[in-house]
Chemist: 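The structure under discussion is supplied below as structure tokens; questions concerning it will follow.
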Amino acid sequence: MTSPKLYNSTGERSGHSDDMCAPSSLAASDYSLIGAVKLHLLIVLLGFALSGCAASSDRLADRSSGGTSAAQPNIIMIVVDDLGWSDVGYNQTTDLLETPNIDAMAQQSVRFDNAYAGAANCAPSRAVLMSGQYGPRHGIYTVSPSTRGDSRTRKLIPIANKRGLQPNVITLAEALKDAGYASGHFGKWHLGDDPDTQGFDVNVAGSGQGMTFHYFSPYRLPNIEDGPNGEYLTNRLTSDVIEWMKSAKGAPFFAYVPYYSVHTPLQAPEATVQKYRDKGILGGKQANYAAMVEMMDKNVGRILTMLEAEGLADDTIVIFTSDNGGYRMPSFPSPIRAGKGSYYEGGLRVPLLVRWPGKIAPRADHTPVINADFYPTLLSLANAKRPDQVLDGMDLSSVFLGKKKIETRDLFWHFPVYLQAHNGLADQAQDPLFRTRPGSAIRSGDWKLIHYFERDEYELYDLSNDISERDNLAIRRPEKMSELKRKLGAWRQETGADVPTQLNPEYDAAINQQLIAQQLGK
């Protein structure tokens with residue numbers, strides 16, 4: 001097997017030479033030829049030159065260190081694809097899934113039990129994470145196209161979707177690279193053709209492709225060479241990131257590990273799949289899913305073990321999370337409603353662990369957070385400068401370090417497009433034809449408001465008493481609904497959020513109701 005070429009980038013910048021600032025030497029005989037006035041002027045000019053060199057050196061040092069000489073921690077961000085909030089051991093309502101390494105990490109981490117993805121499906125959530133910006137600012141709302149589902153059941157013409165981050169968006173990787181970080185990408189990108197052009201020195205398996213069709217080599221994926229037949233992709237990505245981190249030792253590094261797992265297709269080693277059949281999971285897809293979760297967990301364990309063995313653990317922040325909720329599966333019950341693609345809690349709430357031995361005290365934290373917060377928080381912890389662009393996330397470094405709590409703030413989502421149903425009634429969506437119809441949502445304190453655009457209707461939930469979002473309080477709590485409506489409307493205006501209003505000429509209200517009734521068995 002030929003491994004992809006790996007580089008040890010220190011983030012040093014070229015194009016500046018010490019010789020450009022060094023003053024030329026002057027012999028004593030030269031001074032005798034210069035009059036007093038000329039000598040005075042020369043001394044002044046030399047003073048300016050030396051001052052300019054000092055300032056230039058200061059700027060270079062500031063640029064390479066992020067403005068401070070303080071130590072910069074390594075950063076590993078593990079983002080699992082489509083892992084549900086309840087699908088890790090420390091959050092489970094069943095013992096069918098096994099995640100011993102993640103559970104052990106949870107005991108060493110701050111565990112956020114109100115952590116949210118920036119969107120309910122892959123590309124838009126990753127765009128929020130990498131840009132630090134809410135959807136209306138970058139225009140990535142879904143996995144294209146935005147016209148998904150039966151056209152006869154779509155009342156509105158949805159907003160056009162952008163497929164990748166625009167070049168003028170400064171990514172988290174670019175901001176960390178400017179602060180002197182080596183940056184490596186290992187897994188799913190889905191935000192444009194190539195993460196190499198958006199801040200990463202190394203790219204393994206990242207492209208505009210949103211999934212793999214082959215978890216066993218040959219992978220047939222861009223930017224990764226096939227391994228031996230039968231090699232498992234999650235194992236391979238972990239081996240490559242471990243090799244790269246070892247080579248990058250000595251300079252701070254940012255390792256972004258967005259596994260393709262546990263996204264479909266559901267494929268895992270047969271011996272591991274059989275283990276879950278023996279545990280009583282009879283459905284083939286669900287046994288494969290459980291096996292994929294275990295394989296992912298084992299590879300998280302490999303990364304943590306390497307950090308200990310290489311003496312890197314105390315100098316490394318490790319983040320573990322998911323890009324959005326998981327698909328609803330009958331074998332794995334969850335107290336929260338719906339799953340991937342929905343703006344109920346099951347589509348948005350994700351596991352989140354942050355570990356930094358000796359710096360972050362292990363504990364549970366109930367602060368509502370969103371993945372847009374990673375950008376400003378990691379810049380702060382890395383002593384890096386903020387870029388000249390809007391960042392919607394909040395710096396949570398003081399929360400991570402247990403120094404103080406943040407003031408209550410609101411979280412927002414905007415989805416002006418359609419996403420067709422995955423599995424009818426099992427999706428637990430508003431209706432069985434779509435996981436989500438166009439709308440927006442806000443979480444404010446313990447309250448959640450969802451606004452659906454087609455019929456200008458609202459749903460209001462008190463998450464402190466109704467985490468399953470079954471009791472719509474929109475009529476019974478008009479004062480709270482009015483408050484959140486104002487906040488949501490003001491946010492849409494401030495971010496320039498496009499709201500679809502144009503009617504779809506192909507829409508047929510009778511057929512829409514007929515198909516809904518069929519799905520409901522009426």
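Positions are given from 1, in the same order as the sequence printed here. All values derive from a computational prediction rather than experimental measurement.
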Chemist: So, do Phe254 and Phe200 sit near enough that their side-chain heavy atoms are less than 4.5 Å apart?
Modeler: yes
Chemist: Checking side-chain polar atoms at under 3.5 Å, does Asn114 have a donor or acceptor matched by the opposite partner on His366?
Modeler: no
Chemist: Taking the six-membered ring where the residue is Trp, are the ring centres of Tyr219 and His214 under 6.0 Å apart?
Modeler: no
Chemist: If you count the non-hydrogen atoms of other residues, nucleotides and ligands that lie under 6.0 Å from CG in Asn168, is the total more than 12?
Modeler: yes
Chemist: When you measure from the centre of the six-membered ring of Tyr344, is the NZ or CZ of Arg337 closer than 6.0 Å and no more than 45° off the axis?
Modeler: yes
Chemist: I'd like to know if the side chain of Tyr259 and the backbone of Leu233 have a donor-acceptor N/O pair within less than 3.5 Å.
Modeler: no
Chemist: Are any non-hydrogen side-chain atoms of Glu98 and Asp297 less than 4.5 angstrom apart?
Modeler: no
Chemist: Check Ala71 against Asn383 and note the closest heavy-atom contact, atom names and distance.
Modeler: O-ND2, 3.2 Å
Chemist: Set out, in order, the CA-CA distance, both residues' side-chain angles and the distance that settles side chain to side chain contact (heavy atoms under 4.5 Å, CB included) for Ile360 and Val354, then state yes or no.
Modeler: CA-CA 8 Å; Ile360 292 178; Val354 184; 3.6 Å; yes
Chemist: Could you grab the distance from atom NZ of Lys385 to atom CG of Leu176, nearest 0.5 Å is fine?
Modeler: 14.5 Å
Chemist: State, to 0.1 Å, how close Asp365 and Val110 come at their nearest heavy-atom pair, and which atoms those are.
Modeler: CB-CG2, 3.8 Å
Chemist: Hey, what do you get for NZ (Lys404) to OG (Ser397), rounding to the nearest 0.5 Å?
Modeler: 8.5 Å
Chemist: Kindly indicate, with the supporting measurements, whether the criterion side chain to side chain donor-acceptor pair (under 3.5 Å) is fulfilled by Ser144 and Asn161.
Modeler: CA-CA 6 Å; Ser144 289; Asn161 183 59; 2.8 Å; yes
Chemist: Measure the spacing between OG of Ser331 and OH of Tyr289 and express it to the nearest 0.5 Å.
Modeler: 11.5 Å
Chemist: Parallel under 30°, tilted from 30 to 60°, perpendicular over 60°: which one fits the rings of Phe400 and Phe112?
Modeler: tilted
Chemist: Compare all side-chain heavy atoms of Leu378 with those of Ile319 and state whether any distance is below 4.5 angstrom.
Modeler: yes
Chemist: What closest approach, in Å, do Ala173 and Met130 show between heavy atoms, and which atom pair accounts for it?
Modeler: N-SD, 4.3 Å
Chemist: Does Arg163 CZ have over 12 foreign heavy atoms under 6.0 Å away?
Modeler: no
Chemist: Could you tell me whether the side chain of Gln209 and the main chain of Met211 form a donor-acceptor pair under 3.5 Å?
Modeler: yes
Chemist: Please round to the nearest 0.5 Å and tell me the distance separating atom OG of Ser131 and atom NE2 of His138.
Modeler: 4.0 Å
Chemist: Applying ring pair (Phe, Tyr, Trp, His ring centres under 6.0 Å), run through Tyr343 and Phe415 and close with a yes or a no.
Modeler: CA-CA 9 Å; Tyr343 282 75; Phe415 193 78; 5.2 Å; yes
Chemist: Taking the side chain as every heavy atom from C-beta outward, state whether Tyr375 and Asp373 have any atom pair closer than 4.5 Å.
Modeler: no
Chemist: For Arg443, give me all partners under salt bridge (charged side-chain N to carboxylate O under 4.0 Å, His left out), at least two apart in sequence or on another chain.
Modeler: Asp446
Chemist: Using atom types as modelled and distance alone, determine if a side-chain donor or acceptor of Thr99 lies under 3.5 Å from a backbone N or O of Val88.
Modeler: no
Chemist: Throw together a table of side-chain donor-acceptor distances under 3.5 angstrom for residues 262-273, partners on residues two or more places apart or in other chains.
Modeler:
{"residue": "His263", "atom": "NE2", "partner": "Lys340", "partner atom": "NZ", "Å": "3.4"}
{"residue": "Gln267", "atom": "OE1", "partner": "Tyr215", "partner atom": "N", "Å": "3.0"}
{"residue": "Glu270", "atom": "OE2", "partner": "Arg277", "partner atom": "NH1", "Å": "2.8"}

Chemist: May I have the step-by-step check of side chain to side chain donor-acceptor pair (under 3.5 Å) for Tyr276 and Glu294, ending in yes or no?
Modeler: CA-CA 10 Å; Tyr276 288 95; Glu294 177 175 322; 2.5 Å; yes
Chemist: Going by the angle between their ring planes, with limits at 30° and 60°, are Phe412 and Trp491 parallel, tilted or perpendicular?
Modeler: parallel
Chemist: Supply the atom-to-atom distance His414 NE2 to Arg492 CZ, rounded to the nearest 0.5 angstrom.
Modeler: 7.0 Å
Chemist: Run the numbers on Leu348 and Asn324 for side chain to side chain contact (heavy atoms under 4.5 Å, CB included), then give the verdict.
Modeler: CA-CA 6 Å; Leu348 292 171; Asn324 46 248; over 6 Å; no
Chemist: Between Ser380 (side chain) and Pro376 (backbone), is there a donor-acceptor pair under 3.5 Å?
Modeler: no
Chemist: Just by modelled atom types, is the Ala361 backbone N or O under 3.5 Å from a matching donor or acceptor in the Arg363 side chain?
Modeler: yes
Chemist: Any heavy-atom pair between the side chains of Glu174 and Val169 that's under 4.5 Å?
Modeler: no
Chemist: Give me the atom names and distance for the closest heavy-atom approach of Pro158 to Val417.
Modeler: CB-CA, 3.7 Å
Chemist: More than 12 heavy atoms of other residues, nucleotides or ligands under 6.0 Å from CG of Asp193: is that the case?
Modeler: no
Chemist: Identify the heavy atoms of Cys122 and His190 that sit nearest to each other, and give their distance.
Modeler: CB-ND1, 3.8 Å
Chemist: Determine whether Asn121 and Asp82 make a side-chain contact, defined as any pair of heavy atoms from C-beta on separated by less than 4.5 Å.
Modeler: no
Chemist: Let me see the working for Asp315 and Asn74 under side chain to side chain donor-acceptor pair (under 3.5 Å), right down to the final yes or no.
Modeler: CA-CA 6 Å; Asp315 299 321; Asn74 304 312; 5.7 Å; no
Chemist: By side-chain hydrogen bond (donor to acceptor under 3.5 Å, both in side chains), which residues pair with Thr321, not counting sequence neighbours?
Modeler: none
Chemist: With heavy-atom distances below 4.5 Å as the criterion, would you say the side chains of Ser322 and Pro351 are in contact?
Modeler: yes
Chemist: Hey, is the main chain of Asp392 close enough, under 3.5 Å, to the side chain of Arg137 for a donor-acceptor pair?
Modeler: no
Chemist: Between Glu231 and Arg236, is there a side-chain N and carboxylate O pair less than 4.0 Å apart?
Modeler: yes
Chemist: Below 30° counts as parallel, above 60° as perpendicular, anything between as tilted: where do the rings of His422 and Tyr327 land?
Modeler: parallel
Chemist: Does any N or O in the side chain of Trp85 come within less than 3.5 Å of the main-chain N or O of Asn91, such that one atom is a donor and the other an acceptor?
Modeler: no
Chemist: Looking at Asp410 and Gly445, what are the two nearest heavy atoms and their distance?
Modeler: OD1-N, 4.5 Å
Chemist: I'd like to know if Asp427 pairs up with Arg328 as an ion pair, taking the criterion as any Lys NZ or Arg NE/NH1/NH2 lying under 4.0 Å from an Asp or Glu carboxylate oxygen.
Modeler: no
Chemist: Are the side chain of Arg111 and the backbone N or O of Ala106 linked by a donor-acceptor pair below 3.5 Å?
Modeler: yes
Chemist: Compute the ring centroids of Trp413 and Tyr134, then answer whether they are less than 6.0 Å apart.
Modeler: no
Chemist: Within the 4.5 Å heavy-atom criterion, are Ile159 and Tyr141 side-chain neighbours or not?
Modeler: yes
Chemist: Among Ile102, Leu96, Leu83, which one satisfies side-chain contact (heavy atoms from CB on, under 4.5 Å) with Val293?
Modeler: Leu83
Chemist: Spell out, as yes or no, whether a donor-acceptor pair under 3.5 Å connects the side chain of Ser468 to the backbone of Pro335.
Modeler: yes
Chemist: Any chance you could measure Leu237, atom CG, to Lys188, atom NZ, to the nearest 0.5 Å?
Modeler: 12.5 Å
Chemist: Let me see the working for Lys487 and Ser444 under side chain to side chain donor-acceptor pair (under 3.5 Å), right down to the final yes or no.
Modeler: CA-CA 9 Å; Lys487 287 184 173 183; Ser444 182; 3.2 Å; yes
Chemist: Has the side chain of Glu469 got a donor or acceptor atom that lies under 3.5 Å from a matching backbone atom of Glu345?
Modeler: yes
Chemist: How about Lys279: does its NZ atom have over 12 heavy atoms from other parts shown lying under 6.0 Å from it?
Modeler: yes
